[in-house]
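A short worksheet on the structure shown next.
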Amino acid sequence: MNFASIGQLPKEKKQHLILIGILTVAGVIGTLQFFVMKQWNARGVARDKAAALTHQIEEAEKRAKYAAANEEHRKMVREFAATQQANMVTGDPFAWVVREVTLLAENHPVRVTGLRPGSKGEPDERLKCATYLTRLEITGRYDDIGNFVRDLENRFPTAEIQSLTLAGNPSGQHSAALDLKFLVLPEKLAKKTEAKDS
């Protein structure tokens, strides 16, 4: 059937064909509107939800990684603080300094010739800790004194050498006098540390 022959059909048949065409087009549009477009829109909504959930999952993973890294960092800071507190003066300051300096000097070929009782100093403004000032006198070879001073600084990172005086003599033995400032662990922190240890 060609389009030229449609013009030769009776009027009733033409109307019937036009009606079938209109109904077919309406059926196709209805199918598209009610089924295909509905599925298409549902697919778009599902895609948007999936994108939002993917973003939420990524954010949750980032927060979890950050929390784990943050906890690891906090653990390192707690360990560092505990190490620093362990190297701070506790109890009787002079007895503590005598014990710790003597223990350190045993590992070096220097001789402690004087350790003067010190005095409580002004609190350290940055750390809000009291300080203990003392004077240490040692004798030994130049290099041995240098190694001792280095190890003293490394052993007590919260301590500070206020001054260092070095004098030599012809025999190769040198004498050094160090003015030291140690941080004193506050009593409330010392009690917490003791409670944890017991």
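With sequence neighbours excluded, the residues forming a salt bridge (charged side-chain N to carboxylate O under 4.0 Å, His left out) with Glu71 are Arg78, listed by chain and number. Partners of Glu153 by salt bridge (charged side-chain N to carboxylate O under 4.0 Å, His left out), not counting sequence neighbours: none found.
In plain terms, the two heavy atoms of Asn169 and Ser171 that are nearest each other are OD1-OG, 2.5 Å. Here the closest heavy-atom approach between residue Ile145 and residue Gly140 is recorded as CD1-O, 3.5 Å. Closest of all the heavy-atom pairs between Ala105 and Val112 is CB-CG2, 3.7 Å.
Atom CG of residue Asp143 and atom NE2 of residue His174 lie 9.0 Å apart, to the nearest 0.5 angstrom. One finds the CD atom of Glu59 at 4.5 Å from the NZ atom of Lys62 (value rounded to the nearest 0.5 Å). Distance check: Ile20 CD1 to His16 NE2 gives 4.0 Å after rounding to the nearest 0.5 Å.
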Using side chain to side chain contact (heavy atoms under 4.5 Å, CB included), reason through Leu183 and Thr131 one step at a time and then give a plain yes or no. CA-CA 5 Å; Leu183 292 180; Thr131 58; 3.8 Å; yes
Applying salt bridge (charged side-chain N to carboxylate O under 4.0 Å, His left out), run through Arg135 and Glu137 and close with a yes or a no. CA-CA 7 Å; Arg135 184 173 184 89; Glu137 296 169 354; 3.7 Å; yes
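At least one donor-acceptor pair closer than 3.5 Å links the side chain of Tyr132 to the backbone N or O of Gly118. Side-chain N or O atoms of Thr134 include one that pairs as donor or acceptor with a backbone N or O of Arg116 at under 3.5 Å.
Environment of CD in Glu12: sparse, with no more than 12 heavy atoms of neighbouring residues, nucleotides or ligands closer than 6.0 Å. Counting heavy atoms of neighbouring residues, nucleotides and ligands inside a 6.0 Å radius, atom CZ of Arg111 does not exceed 12 of them.
Under the 4.5 Å side-chain criterion, counting only non-hydrogen atoms from C-beta, Arg141 is in contact with Gln173. Side-chain contact between Val97 and Leu115 is present, with heavy atoms from C-beta onward closer than 4.5 Å. Contact annotation: the side chain of Phe148 approaches that of Leu104 to within less than 4.5 Å [non-hydrogen atoms, C-beta and beyond]. Proximity of Leu164 to Asp179: side-chain heavy atoms (C-beta onward) are nowhere separated by under 4.5 Å. Using a 4.5 Å heavy-atom threshold, the side chains of Glu100 and Phe156 count as touching. Counting heavy atoms from C-beta outward, Phe94 and Val98 have side chains that approach closer than 4.5 Å. By the 4.5 Å heavy-atom criterion applied to side chains, Leu136 and Val101 are counted as neighbours. Using a 4.5 Å cut-off on side-chain heavy atoms (C-beta onward), Leu178 and Val149 make contact.
Residues Arg74 and Glu72 are not paired through a salt bridge, judged by the lack of any N-O separation under 4.0 Å between the basic side chain and the carboxylate.
Side-chain atoms of Glu160 and Gln162 include a donor-acceptor pair closer than 3.5 Å. Side chains of Asp151 and His108: a donor-acceptor N/O pair is present below 3.5 angstrom, by distance only.
If you chain together hydrophobic residues whose side chains sit under 4.5 Å apart, Phe182 and Ile161 fall into the same group. A continuous path of Ile, Leu, Val, Met, Phe, Trp and Tyr side chains, each step under 4.5 Å between heavy atoms, connects Leu166 with Ile138, placing both in one hydrophobic cluster.
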